Asks: 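Could you have a look at this structure, given as structure tokens, before my questions?
Just so you know, these numbers come straight off a predicted model, no measurement behind them. Worth knowing before you read on, the calculation uses all heavy atoms, side chains too, and leaves out hydrogens, waters and symmetry mates. Within every chain, numbering begins at 1; the chains are lettered A, B, ... in the order of the sequence lines, protein sequences first and strands thereafter.
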2 protein chains.
Amino acid sequence: MVTSRDVARLAGVSQPTVSRALTDHPRVSEATKRKVREAARALGYSTNAIGRALSVGRSNRIGLVVADLENQFYANMIAPLHDELERLGHELVLITESAASAPLPERVAAHGLAGVVLSTTTVDSVQPARLRDRGVPFVYLNRVAPGVRADAVTVDPETGVREIVAEAVRLGHTRIGAIFGPRNTSTGELREQVVREVLDEHGLGLAQRDVLHGPFDFDTGRDGFRTLRERAGGPTLVLCGNDVVALGVLNAAAESGVPVPEHTSVVGFDDLPTSRWALVRLSTIAYDLDEVARESARLVVARLREPDAETAHIVYPTHYVARSTVSAPRT
Amino acid sequence: MVTSRDVARLAGVSQPTVSRALTDHPRVSEATKRKVREAARALGYSTNAIGRALSVGRSNRIGLVVADLENQFYANMIAPLHDELERLGHELVLITESAASAPLPERVAAHGLAGVVLSTTTVDSVQPARLRDRGVPFVYLNRVAPGVRADAVTVDPETGVREIVAEAVRLGHTRIGAIFGPRNTSTGELREQVVREVLDEHGLGLAQRDVLHGPFDFDTGRDGFRTLRERAGGPTLVLCGNDVVALGVLNAAAESGVPVPEHTSVVGFDDLPTSRWALVRLSTIAYDLDEVARESARLVVARLREPDAETAHIVYPTHYVARSTVSAPRT
DNA sequence: CTGAAAGCGCTTACAG
DNA sequence: CTGAAAGCGCTTACAG
């Protein structure tokens, strides 16, 4: 391995000077910098991240905590998050959260992470408090825990929900159902609350039997659709907690030969790339998913630099995108 | 931050003893180990990965080099790879390969990586040689570069191709087309060669106008389908370089209202989870994708431990999975 | 503008 | 079985 010592020797300077020259320290002469850079290039040297990390007391690595890497939603977050982090000179490390694994703060220490993006926080999670107590910088992505203040980027469902509900009413839907996300997530809670409010404003309610809850995954949608159908044919329109759930619904419908939207209209939330496929054309509540992910990257990195800055909560707007899974109700 | 010094103080031993106790060194008394573990637990201590990495001369971090994180194929590799690596006590770092970025070996050094999984190697790539010259342990995943020997896990298309071709012949297809992967990848090359051979055995050929090449992505399939169609209606069956390409084809067909398989049959390669959706039901050549990813994790880790061991090339078998995108040709 | 020194948190021969 | 010492590759006050 070629180290800064080797470069120093070749350039005829001291090792610390190599360090300064390569980080473009202002009080190093241009001539020296040039010499050092040249030597570095000649040897194919690049700074050892581990040495630097130990020296400055922290790495440039950010952990993304996800529950389920297979989930398309997270899969779609990773690319923009990684890109933005890289642009900012940081690395992405994936951390899966499983009951079996060690407590998060210890894993953060073990991995030598500078900060963390939490994308799977439940309302009752102890993680945020633990991270805060240990002084680990973190940001909430898409979700938030009520007790612990931290930078956050989330999405405001209101506009999107208003738009789809207005559309549903206009089309004549009266029996609307929902497969909401888990009750112990801020995202699930908020979306449900907004849906109920807006429906209420239109004099519509959600019948108990037409409401389901479950994790934001494919199976929730698939099983949910079947359950709903058994209850007197099911609602004529079902609002899903997110796109992955809606995709589960769509596939279950296809399996049972139920035509969408003729028999049942389906609405998602997130507007994943897959939802735009001609094969799918899911009507959904959209927002700038890539930007949301990128923003969370910016927030952690900013927090690293200014640990005591005012906490920021950035909220992205949503809107309804009509595609092919919503029509007038069956009669 | 709590360090091994703090633990040492609390346990009333020296710092090196803490290190030994926690790594379960055989020549530390059980009593001491117990004392140290307890102190560590009390303080919420866990070994600092950076300190350890610097000390032992390398980290436990493995880089996965991908070209395109958005690509579903890679997205599906990440989860099993990550899980297996974690199981083996290693971390996954994502590295995107872009023309703009620094040479790979320098990035590996910069990231302090122990080894690398190469999943995007082209036949003419300089990366493998560079990594080899720098002594960076790496394995090929799914692809291989001819010049440089290294551990590899790949897939043998033969059985799968034989099965689908036999089926196509049985159904009466005579005008078969293909959208192959890039010519400069071993995967693309091999699949094309096998397809040509097997077709040949059946006395069938691939007409020049019915053959396309392109990156293994969605757009290749979408554009490819359109191009093929313009040429006298196109082939009655198209073999795709992989599932992502086939998915592009399927969506382009849906967009243009071309019924699959009635008008055109479509075959993929990889059997991604999405291909199994009721909405999709892609007939494809399948293999154990998760196992392939996991195996590559095992290979790098093994290589770390035994740098001079015999090089291993593990090949997984394929088979054809008939679903809903292949039928008798239109007449 | 540059060098010598100290230190980041660990591991690992070396003594005893 | 355990401690003192050295060192991994860097950065950063401290001198000059």
Side-chain angles (χ1 to χ4, degrees), chain A residues 1-37 39-40 43-61 89 106 108-114 134-135 304-305, chain B residues 1-37 39-40 43-61 89 106 108-114 134-135:
Chain A
M1 186 193 228
V2 25
T3 73
S4 57
R5 288 207 103 72
D6 303 318
V7 177
R9 203 171 305 127
L10 180 60
V13 299
S14 73
Q15 180 273 324
T17 294
V18 170
S19 173
R20 292 194 194 98
L22 259 24
T23 52
D24 209 23
H25 187 106
R27 284 215 294 275
V28 173
S29 75
E30 274 312 317
T32 302
K33 283 183 185 171
R34 219 172 306 117
K35 235 176 10 183
V36 170
R37 288 200 194 108
L43 296 172
Y45 170 79
S46 74
T47 305
N48 179 309
I50 299 186
R52 155 175 286 158
L54 188 57
S55 183
V56 302
R58 75 158 183 241
S59 74
N60 65 340
R61 310 161 54 211
E106 307 197 0
V108 167
H111 289 240
L113 299 182
R134 294 308 203 75
L304 259 34
R305 300 202 228 277
Chain B
M1 185 191 225
V2 25
T3 73
S4 57
R5 288 206 103 69
D6 302 318
V7 177
R9 203 170 307 127
L10 181 59
V13 298
S14 72
Q15 180 273 324
T17 295
V18 171
S19 174
R20 292 194 194 97
L22 260 22
T23 52
D24 210 25
H25 188 106
R27 283 216 292 275
V28 172
S29 75
E30 274 312 317
T32 303
K33 282 184 186 170
R34 220 172 306 118
K35 235 176 8 183
V36 169
R37 289 199 194 109
L43 296 171
Y45 169 78
S46 74
T47 306
N48 179 310
I50 300 187
R52 154 174 287 158
L54 188 56
S55 182
V56 301
R58 76 158 181 241
S59 73
N60 65 339
R61 309 161 54 210
E106 308 199 358
V108 168
H111 289 241
L113 299 183
R134 294 310 203 74

Asks: A side-chain contact here means heavy atoms from C-beta on lying under 4.5 Å apart; do B:Thr23 and B:Arg52 qualify?
Replies: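 B:Thr23 reaches B:Arg52 side chain to side chain.
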
Asks: What pair of heavy atoms forms the shortest contact from A:Ala11 to A:Lys35, and how long is it?
Replies: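 Where A:Ala11 meets A:Lys35 most closely, the heavy atoms are O-CE, 3.6 Å.
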
Asks: Could you pull out all residues at least two apart from B:Arg34 that satisfy side-chain contact (heavy atoms from CB on, under 4.5 Å)?
Replies: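 Checked B:Arg34 against side-chain contact (heavy atoms from CB on, under 4.5 Å); matches are B:Glu30.
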
Asks: Can you build the contact string for nucleotides 9-15 of chain C? Use B for base contact, S for sugar-phosphate-only contact, and - for no protein heavy atom under 4.0 Å.
Replies: BBBBB--

Asks: Reading DNA chain D 5' to 3', how would its secondary structure be written in dot-bracket notation, given Watson-Crick and G-U pairs with both distances under 3.5 Å, brackets [ ] for crossing pairs and | for partners on other strands?
Replies: |||.||||||||.|||

Asks: Taking only N and O in the side chain of B:Thr17, is any of them less than 4.0 Å away from OP1 or OP2 of D:dT2?
Replies: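 No.
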
Asks: Which heavy-atom pair separates B:Val2 from B:Asp6 by the least distance, and what is that distance?
Replies: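 Answer, listing the atom of B:Val2 first, then B:Asp6: CA-OD2, 3.3 Å.
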
Asks: List the atom of A:Thr3, the atom of A:Tyr45, and the distance in Å for their closest heavy-atom pair.
Replies: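 Scanning both residues completely, I find the closest heavy atoms to be C-CE1, 3.5 Å.
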
Asks: With side chain to side chain contact (heavy atoms under 4.5 Å, CB included) as the test, pick out the partner of A:Val36 among A:Val28, A:Leu10, A:Leu22.
Replies: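 Single pass found, and it is A:Leu22.
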
Asks: At their closest point, which heavy atom of A:Arg37 faces which heavy atom of A:Ala21, and how far apart are they?
Replies: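 Between these two residues, the closest heavy atoms are NH2-O, 4.4 Å.
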
Asks: Check whether any side-chain N or O of B:Ser29 sits under 4.0 Å from OP1 or OP2 of D:dT2, and answer yes or no.
Replies: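 Yes, within the criterion.
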
Asks: Can you tell me how far the CG atom of B:Asn48 sits from the OG atom of A:Ser59, to the nearest 0.5 Å?
Replies: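 Between B:Asn48 CG and A:Ser59 OG, I get 9.5 Å after rounding to 0.5 Å.
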
